[in-house]
Each structure stands twice: as C-alpha cells, then as structure tokens.
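Below is one structure, written out as structure tokens; the observations come after it.
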Amino acid sequence: MEIRAERAEDAAAIGDVHRVAFGGRHGVVVATLVDDLRASTDESERVSLVAVADNERPVGHVLFTPCLLDAPSRLVTVQVLSPVAVLPPFRHGGLATSLMRRGLESLAQCEVPAVFLEGPPGFYSRFGFVPAAECGFRKPSLRIPDEAFQVLRLPRYEPWMTGTLVYSDAFWRNDVVGLRDV
Ligand SMILES: CC(C)(COP(=O)(O)OP(=O)(O)OC[C@H]1O[C@@H](n2cnc3c(N)ncnc32)[C@H](O)[C@@H]1OP(=O)(O)O)[C@@H](O)C(=O)NCCC(=O)NCCS
C-alpha cells in the first residue's frame, strides 16, 4: 500500500478514518482535532501522511504537529504525534508502523530534536519511544499517566533540551489531553 503526504482533497476521507477508527464521540473529537491542527499550522511545520488503498482513498493517517518544550534557556519547537489511526479492515498489516516510520524519518531530516506522544508503550517502544519523565521532561497535564507520556529523541536532540511539554491550543480546545474521570 502506498504511503504519501496528505493532499488537499484527502481532508474528508482522513476525517472518516478517525471517526471510524476511534469510534463514537471520541472519533468525532479526534476528527475535529485533526481539522483544527491542520488549520492552525503551516504545511511546512507539520508531517501528515496517509496510507492509500487502490482507489486512492486514505485508509490510514498519521499527523505530527509542532508544540513547545519549555527548556531552561529557551523555548524549543518539538513535535507531537497525534493522532494515528488505521481503518479496522486494514489493521495488523504493518500500516501504522509504516506511517510512523516514514513520519519519524521525515522529522529527523527536518532537524526536529524530539517527538512526544501519549499512548500505550507496547506499541510505541518499537520506534524508540521511552518514558519521557525518566529523561527530564514534564508532562503537560497531571491527567496523563506517567507510562503514557513518551518521547523519541532524534539526532538533533541536545541534553539541555529538558522541561515541560506545552501542547498547542488545539489539543486543549478539543479536550483531548490525558484521561478524564468519567
Ligand atoms: C493502533 C493502530 C493505529 C494500529 O494500526 P495497525 O496498522 O494495525 O498497526 P501495525 O499493523 O503497524 O501494528 C500492529 C501492532 O501494534 C500493536 N498494537 C496495536 N494497537 C495497540 C494498542 N492499542 N496497544 C498496544 N499495542 C497495540 C500490536 O502489537 C499489533 O500487533 P498485531 O498486529 O500482531 O496485533 C490501529 O489499531 C487503530 O487505528 N486503532 C484505533 C485508533 C488508535 O487507538 N490509535 C492510537 C492512539 S494512541
């Protein structure tokens, strides 16, 4: 299956991928998050990749967008991975892994120092993500479980780059940070 950069005409299909993959109200929220992140970032600042089926329709999507690391000496632009999703019939074939690897390669080439995410360590450790708190980073919310707050340090990372991750506004506006009591 082909992995390529998102095109303007993919936006609706990408929304469908997230609505179906995450399901229910959360799926709608994630699709809105993607639209908001797209609208609030320049194309050159983000990495948005799709996996397309034979009919050219996206069946998987990954998005990396810029956020800030509040380091002691200055703010550092880092990237946050959110979301990644693959439609159910296309899962377990390595599509998410390919989307992730391509995205991370591209960020390393763009000299991004670090990538953060919230997610299950079991899936992301294969890409080199490690618990961020153990590397001198503070999570942006106490509602993120420690083990879910992960970082991948890329070749441009330097040891002084520690501190608190500051999510961009779209994550707060859509209330997708951490876990809420139900
Ligand atoms: C997570 C997801 C993107 C994986 O897509 P995929 O194309 O099936 O992924 P790959 O084939 O590259 O890798 C699959 C492996 O990832 C791991 N994995 C998948 N979902 C996982 C989860 N929720 N927790 C831990 N590991 C997981 C398993 O080891 C799985 O191996 P298996 O195929 O032998 O079961 C897909 O299941 C999905 O869209 N889920 C709903 C949305 C979601 O939860 N996104 C991630 C948010 S953090």
Side-chain angles (χ1 to χ4, degrees), residues 3 5-6 18 22 26 29-30 32-34 36-49 60-86 94 96-182:
I3 307 270
E6 175 189 341
H18 293 295
F22 286 91
H26 189 53
V29 171
V30 174
T32 307
L33 171 71
V34 170
D36 288 353
L37 288 169
R38 190 188 288 115
S40 60
T41 54
D42 190 81
E43 201 178 337
S44 63
E45 297 177 308
R46 62 179 184 255
V47 171
S48 182
L49 301 175
H61 176 238
V62 68
L63 181 62
F64 301 85
T65 52
C67 288
L68 292 173
L69 179 69
D70 184 18
S73 56
R74 66 173 170 86
L75 295 169
V76 179
T77 302
V78 295
Q79 290 268 329
V80 164
L81 159 64
S82 180
V84 57
V86 171
T97 300
S98 300
L99 285 163
M100 290 282 302
R101 289 202 195 287
R102 282 279 295 276
L104 294 170
E105 277 166 25
S106 163
L107 292 174
Q109 278 168 14
C110 295
E111 309 200 338
V112 168
V115 183
F116 291 83
L117 63 81
E118 288 179 42
F123 180 55
Y124 296 104
S125 60
R126 72 192 68 183
F127 308 107
F129 282 89
V130 295
E134 294 172 14
C135 308
F137 301 108
R138 275 212 193 160
K139 52 194 184 184
S141 166
L142 291 175
R143 294 179 293 96
I144 303 172
D146 283 344
E147 65 278 11
F149 178 49
Q150 298 169 66
V151 65
L152 174 68
R153 288 163 294 181
L154 292 171
R156 294 304 290 220
Y157 174 80
E158 296 175 29
W160 61 267
M161 296 173 181
T162 58
T164 305
L165 175 67
V166 183
Y167 273 132
S168 58
D169 188 47
F171 289 97
W172 299 109
R173 263 190 289 124
N174 288 285
D175 197 13
V176 291
V177 179
L179 304 174
R180 288 219 174 267
D181 292 344
V182 278

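Keep in mind that what you see is a predicted model, and the values were worked out from it rather than measured.
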Measure across [X] and [Y] and return the closest heavy-atom pair with its distance rounded to 0.1 Å.
X      : Y      : result
Met161 : Phe137 : O-CE2, 3.1 Å
Phe149 : Ile144 : CB-CG2, 3.9 Å
Cys67  : Ser168 : SG-N, 3.4 Å
Gln79  : Val112 : CG-CG1, 3.7 Å
Thr97  : Arg126 : OG1-NH1, 4.0 Å
Gly136 : Thr162 : O-CB, 3.4 Å

Next item on the list: Would you check, one step at a time, whether the test side-chain contact (heavy atoms from CB on, under 4.5 Å) holds for Arg153 with Val130?
Entry: CA-CA 9 Å; Arg153 288 163 294 181; Val130 295; 4.1 Å; yes

Heavy-atom donor-acceptor pair, [X] side chain to [Y] backbone, under 3.5 Å:
X      : Y      : answer
Glu6   : Val62  : no
Arg74  : Ala71  : no
Glu147 : Pro121 : no

Would you call [X] and [Y] a side-chain contact if the rule is heavy atoms closer than 4.5 Å?
X      : Y      : answer
Val176 : Val29  : yes
Arg38  : Leu63  : no
Val34  : His61  : yes
Pro113 : Val76  : yes
Ser82  : Leu33  : yes
Leu165 : Val80  : yes
Leu81  : Phe127 : no

Check: Does a salt bridge link Asp146 with Lys139, judged by any charged N lying under 4.0 Å from a carboxylate O?
Finding: yes

For [X], does the [atom1] atom have more than 12 heavy-atom neighbours from other residues, nucleotides or ligands under 6.0 Å away?
X      : atom1 : answer
Arg46  : CZ    : yes
Glu43  : CD    : no
Arg156 : CZ    : no

Check: Given the rule in the side-chain contact (heavy atoms from CB on, under 4.5 Å) test, do Val78 and Leu68 qualify, once you have shown the distances and angles that lead to the verdict?
Finding: CA-CA 6 Å; Val78 295; Leu68 292 173; over 6 Å; no

About how many Å separate [atom2] of [Y] and [atom1] of [X], when rounded to the nearest 0.5 Å?
X      : Y      : atom1 : atom2 : result
Leu179 : Leu142 : CG    : CG    : 12.5 Å
Tyr157 : Cys135 : OH    : SG    : 7.0 Å
Asp42  : Thr65  : CG    : OG1   : 13.0 Å
Ser98  : Leu49  : OG    : CG    : 10.5 Å
Leu104 : Phe129 : CG    : CZ    : 5.0 Å
Ser141 : Trp172 : OG    : CH2   : 5.0 Å

Item checked: Audit row: Tyr124, Val84, side-chain contact (heavy atoms from CB on, under 4.5 Å) steps and yes/no -> CA-CA 11 Å; Tyr124 296 104; Val84 57; 3.4 Å; yes

Check: When you look at Val177 and Glu118, which way does the side-chain contact (heavy atoms from CB on, under 4.5 Å) test go after all the steps?
Finding: CA-CA 8 Å; Val177 179; Glu118 288 179 42; 4.0 Å; yes

Item checked: Set of residues satisfying ring-ring contact (aromatic ring centres under 6.0 Å, His included) with respect to Phe64, sequence neighbours excluded -> none

